[in-house]
Amino acid sequence: MIYVGIDVAKDKHDCFITNSDGEVLFQVFTIQNNRDGFDDLFAKIHSISTDVSNIKVGLEATGHYSYNLLGYLIDKGLPTFVINPLHTNLYRKSLSLRKTKTDKVDARTIAMMLMSDVNLKSYSDTSYHNEELKSLTRYRFDKVQERAQLKQSVSRLVTILFPELEKLVPTLHIASVYALLSELPSAGKIASCHLTHLTKLLENASKGRYSREKAVEIREAARVSIGSNMPAKSMELRHTLKLIGELDSEISEIESEIKRIMDQISSPILTIPGISYRMGAMILAEIGDFSRFDSPDKILAYAGVSPSTYQSGQLESSYSHMEKRGSRYLRFALINAAKYVCHWDEAFGAYLQKKISEGKHYNVAITHATKKLVRLIYTMEKSGMPYRKAA
């Protein structure tokens, strides 16, 4: 068996090739992060063996830096293993007490890990092409976070310009309020607006929900408002609302693409009550190929949902906190999905209440529900069977 360890960096990659007998076939060499470098690596591997089943290639999960090389290796049919840098670090420390970390050492360490066969799973073609869904769901996540920050800015600016408005509407973040503030971004402008125009503006934006009475109420409040007359803040409010509108459009476009891919996948995860396209896509994208995991517990550990353990001698901690290591996106998706599933599915809702009745805090109880959900998703994805409600 031929083992190839690759330490990935931005502009270059260090590689090391050995065999099952521990014979060094190629001392650590450096390839550039371009087509010539990739071809040079493949030529060296091919010069040793043309049987791809006799080759194992390993590299660390380094985000976008490893993506192009990973795609190249998979396209060449080489069994490729993507290793968590945390595992590489622990394995390197187990080999020596000396604090030695260089790119050349890491390349050797990865090859040694492949040789020791430490329960590694090869990265499948399915996993690689699943990156498109992962890119979309993470991109959407970041856009939603960005929009949430802008909405906080809207709340802050309204408190300065027209603080009374918040008590006159269910929430500031609805289409009718945004339309009002986009055109009239201060109490003074609303107070001086003609009632007919104000009524028409609110009626159109709210699709008939707000009538003349609401327009009168808002204008009267604006006339006695303590809001400041600050043109700079009014301009900031208009620009912020415009940015939110653009983000809404972008997020909608992303979600349409996510839905298209999810419809192609036809995953049974969408049959679980409470799991939407968005949350289901995020879970599937972050987990990737389910065959990489031997059990649901491995997925929980990958998401960082498993409790940490501390035991030394006769001392063992009875208060374990969530590890919160691994994919923060998967952890976010699983926990939030569990909340919705507990709301929409009676069996999960009863399970959550049972944990709470045992004296567990809601956050702890929802973690238990998350573990139950992961076991369900794992079984469904392995079997391809849709969800069936408990009798």
Side-chain angles (χ1 to χ4, degrees), residues 61 84-87 90 119 134 137-138 140-142 144-145 148-149 151-152 267-288 290 292-383 386-391:
N84 190 319
L86 178 64
H87 292 167
L90 294 174
N119 196 29
K134 182 187 288 187
T137 54
R138 290 190 175 188
R140 179 191 173 276
F141 180 88
D142 292 339
V144 170
Q145 294 289 98
Q149 291 180 350
K151 286 184 176 182
Q152 290 179 357
S267 169
I269 195 173
L270 295 179
T271 64
I272 302 175
I275 294 188
S276 64
Y277 277 98
R278 297 188 296 270
M279 210 60 73
M282 199 169 204
I283 293 171
L284 294 182
E286 293 300 324
I287 294 176
F290 278 77
R292 294 190 299 141
F293 301 93
D294 295 328
S295 68
D297 289 340
K298 296 290 180 65
I299 295 177
L300 289 167
Y302 175 65
V305 180
S306 300
S308 58
T309 303
Y310 182 85
Q311 191 274 332
S312 178
Q314 295 182 348
L315 175 63
E316 184 169 355
S317 174
S318 59
Y319 297 97
S320 298
H321 297 279
M322 191 184 296
E323 284 185 327
K324 290 189 178 179
R325 296 196 301 195
S327 172
R328 68 185 180 96
Y329 297 99
L330 179 57
R331 185 165 59 249
F332 168 86
L334 287 173
I335 292 175
N336 281 277
K339 292 177 181 178
Y340 285 110
V341 173
C342 287
H343 177 77
W344 290 104
D345 184 80
E346 293 180 3
F348 271 88
Y351 181 77
L352 178 65
Q353 291 304 317
K354 176 178 176 291
K355 292 299 177 181
I356 293 175
S357 66
E358 292 173 358
K360 291 180 171 57
H361 187 277
Y362 173 80
N363 290 340
V364 177
I366 205 68
T367 302
H368 283 277
T370 302
K371 294 176 182 178
K372 180 180 175 68
L373 178 61
V374 169
R375 290 192 289 268
L376 173 64
I377 293 173
Y378 184 83
T379 302
M380 290 172 59
E381 288 294 328
K382 284 286 190 177
S383 65
Y387 177 66
R388 294 180 180 177
K389 290 187 177 183

*Kindly confirm or rule out a cation-pi arrangement of Lys372 over Tyr351, judged by NZ or CZ under 6.0 Å from the six-membered ring centre and within 45° of its axis?*
yes
Checking [X] side chain against [Y] main chain: does a donor-acceptor pair fall under 3.5 Å?
| X | Y | value |
| --- | --- | --- |
| Arg331 | Ala303 | yes |
| Tyr378 | Phe293 | yes |
| Thr370 | Ala338 | no |

Closest heavy-atom contact between [X] and [Y]?
| X | Y | result |
| --- | --- | --- |
| Ile356 | Ala365 | CG1-CB, 3.7 Å |
| Cys342 | Ala369 | SG-CB, 3.7 Å |
| Ala337 | Met279 | CB-CG, 3.7 Å |

Between [X] and [Y], is any pair of side-chain heavy atoms under 4.5 Å apart?
| X | Y | value |
| --- | --- | --- |
| Pro273 | Val341 | no |
| Thr379 | Tyr387 | no |
| Glu286 | Leu334 | no |
| Trp344 | Ile272 | no |
| Met380 | Thr271 | yes |

Once you round to the nearest 0.5 Å, how far does [atom1] of [X] lie from [atom2] of [Y]?
| X | Y | atom1 | atom2 | value |
| --- | --- | --- | --- | --- |
| Thr367 | Ile335 | OG1 | CD1 | 5.5 Å |
| Asp297 | Arg375 | CG | CZ | 7.5 Å |
| Glu381 | Ile299 | CD | CD1 | 9.0 Å |
| Arg138 | Met282 | CZ | CE | 7.5 Å |
| Lys382 | Ser295 | NZ | OG | 10.0 Å |
| Leu373 | Phe348 | CG | CZ | 5.0 Å |

*With sequence neighbours left out, write down each residue that passes ring-ring contact (aromatic ring centres under 6.0 Å, His included) with Phe332, or none if nothing qualifies.*
Phe141
*asked:* Which residues pass the ring-ring contact (aromatic ring centres under 6.0 Å, His included) test with Tyr277, not counting sequence neighbours?
replied: none
*Audit row: Tyr329, Thr137, side-chain contact (heavy atoms from CB on, under 4.5 Å) steps and yes/no*: CA-CA 9 Å; Tyr329 297 99; Thr137 54; over 6 Å; no
*Dump the intermediate steps for side-chain contact (heavy atoms from CB on, under 4.5 Å) on Lys355 and Val364, then the final yes or no.*
CA-CA 8 Å; Lys355 292 299 177 181; Val364 177; over 6 Å; no
*Let me see the working for Leu352 and Lys339 under side-chain contact (heavy atoms from CB on, under 4.5 Å), right down to the final yes or no.*
CA-CA 9 Å; Leu352 178 65; Lys339 292 177 181 178; over 6 Å; no
